[in-house]
Asks: 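One structure, pasted below without further comment.
On a predicted model such as this, the values are computed, not experimentally measured, just so you know. First listed ligand is number 1; within each ligand, the first listed atom is number 1.
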Amino acid sequence: MPTRTRRPALLAAAVTTAAALGAGALALALPAAAADTAAPPIPLVEGTLDWGIKQSFRSYLAQPFSKGRTTVEGGATQAAGNGVFTFVDGTGTYDTSGHGTATAFKGGVHFEAHEGVLDIRISDVRLKTAGSAAPTGEITADVVTKEKDGTFTTRDDVSFAALDMSGVRPGQGAGGAMVFKDIPAKLTEDGAAAFAGFYKAGDALDAATLTVKQGAAPTTPPTTPPTTPPTTPPTT
Ligand code: HEM
């Protein structure tokens, strides 16, 4: 009879549960009891979001005629060869009852072209998944766009990309990380507006890859017994 250790069994159960619930669920090795009770959310740490935003836009800015420039800011990086961006230091939460996730990343990207006519700056990138409620998610961001009349519009925390989690299954990455690879993404209305209307809502964006690790579970503060105030002996 094969020997079974507790941890693989838990992991297997969690992966099965995650698959059954759809991609919004994370493959966290949670004891069933933790998921059944109203447990506090589990912290997510060391997250990264690998996302090129839109490959054709990156290529457009790399064409000589556009005189484009793409600058990563605030800790974000760009892969060689005008590749995808990585937004870093992601922290967030995993909701153990609804299996939704929310992760906020550091870093941004600044696109410039046409001698300053095109100017789009993206920062405060966040990714949310709805969990068992729906096989959906979204990427939100703060976006500052130079409009056609030359004025700048700031859109804070706008829904930029709509995510389809239906075909995405959690996988395992290095160091126990959970990886949601190649999540299909489409531009939203606000996202289209952030590109000054040069794209339309529903246009395909690059697929996004989310990597997160489970942080230390929040500790419940010890319950201290009520202390009786010391009685001062009456002074005589
Ligand atoms: C001097 C002003 C501009 C000129 C001459 C210009 C020219 C062009 C040309 C020729 C294309 C087609 C490129 C191709 O098919 O490879 C294009 C595409 C595009 N332009 Fe501009 N453009 C200007 C300003 C802007 C501005 C201000 C924005 C946004 C804020 C913008 C956003 C776009 C986008 C999103 C595309 C589609 C890129 C793609 O995904 O293929 N452009 N532009």
Asks: If the threshold is 4.0 Å, N to carboxylate O, is there a salt bridge linking Asp203 and Lys54?
Replies: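 Looking at Lys54 together with Asp203, the answer is no, because their closest N to O distance does not fall below 4.0 Å.
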Asks: Are Arg126 and Asp124 within salt-bridge range, i.e. N to O under 4.0 Å?
Replies: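 Between Asp124 and Arg126 there is a salt bridge, with a charged N closer than 4.0 Å to a carboxylate O.
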Asks: Distance-only, no hydrogens or angles: does the Thr188 side chain make a donor-acceptor pair with backbone N or O of Ser159 under 3.5 Å?
Replies: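 Yes.
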Asks: Is a donor on one side and an acceptor on the other found under 3.5 Å between the side chain of Thr140 and the backbone of Asp157?
Replies: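 Side chain of Thr140 to backbone of Asp157: no pair is present.
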Asks: Verify the contact flag for atom 30 (C) of ligand 1, where contact means a protein heavy atom under 4.0 Å away.
Replies: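 Given the 4.0 Å limit, the answer for atom 30 (C) of ligand 1 is yes, a protein heavy atom qualifies.
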Asks: Taking distance alone, with no angle check, do Ser56 and ligand 1 share an N/O pair under 3.5 Å?
Replies: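 Between Ser56 and ligand 1 (N or O atoms, distance only) the closest approach is under 3.5 Å.
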Asks: Relative to the heavy atoms of Gln63, which atoms of ligand 1 are at a distance of less than 4.0 Å?
Replies: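 Answer for ligand 1: 16 (O).
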Asks: Determine, for Arg155 against Glu147, whether the closest basic-nitrogen to carboxylate-oxygen distance falls under 4.0 angstrom.
Replies: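 Counted as a salt bridge, because a side-chain N and a carboxylate O are separated by less than 4.0 Å.
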Asks: Just which atoms of ligand 1 are under 4.0 Å from any heavy atom in Val117?
Replies: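 Within the 4.0 Å cut-off of Val117, ligand 1 contributes 27 (C).
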Asks: Under 4.0 Å from any heavy atom of Phe57, which atoms of ligand 1 are there?
Replies: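 This gives 35 (C), 40 (O) as the contact atoms.
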Asks: Counting non-hydrogen protein atoms only, what is the nearest one to atom 38 (C) of ligand 1? Give residue, atom name and distance.
Replies: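 In this structure, atom 38 (C) of ligand 1 has Tyr199 OH, 3.4 Å as its nearest protein heavy atom.
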Asks: When you measure from the side chain of Gln78 to the backbone of Gly83, do you find a donor-acceptor pair of N or O atoms at a distance under 3.5 Å?
Replies: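 Looks like yes, one N/O pair under 3.5 Å.
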Asks: Is Tyr60 close enough to atom 21 (Fe) of ligand 1 to have an N, O or S atom under 2.8 Å?
Replies: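 Yes, Tyr60 qualifies, because one of its backbone or side-chain N, O or S atoms lies under 2.8 Å.
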Asks: Between Asp50 (side chain only) and Val84 (backbone N and O only), is there a donor and an acceptor less than 3.5 Å apart?
Replies: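 The answer is no, because no donor-acceptor pair under 3.5 Å joins these two groups.
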Asks: Does atom 16 (O) of ligand 1 have a protein heavy-atom neighbour under 4.0 Å away?
Replies: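 Yes; the ligand atom in question has protein heavy-atom contact below 4.0 Å.
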Asks: For the backbone of Tyr60 and the side chain of Ser66, can you confirm whether one donor and one acceptor N or O come within less than 3.5 Å of each other?
Replies: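 Yes: the side chain of Ser66 pairs with the backbone of Tyr60.
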Asks: Taking heavy atoms and a distance under 4.0 Å, where does Ala196 meet ligand 1: side chain, backbone, both or neither?
Replies: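 Side chain only.
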Asks: How close does the nearest protein non-hydrogen atom get to atom 2 (C) of ligand 1, and which residue and atom is it?
Replies: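 The answer is His114 CG, 3.7 Å.
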Asks: Report the nearest protein non-hydrogen atom to atom 25 (C) of ligand 1: residue, atom name, distance rounded to 0.1 Å.
Replies: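 It is Phe198 CZ, 3.6 Å.
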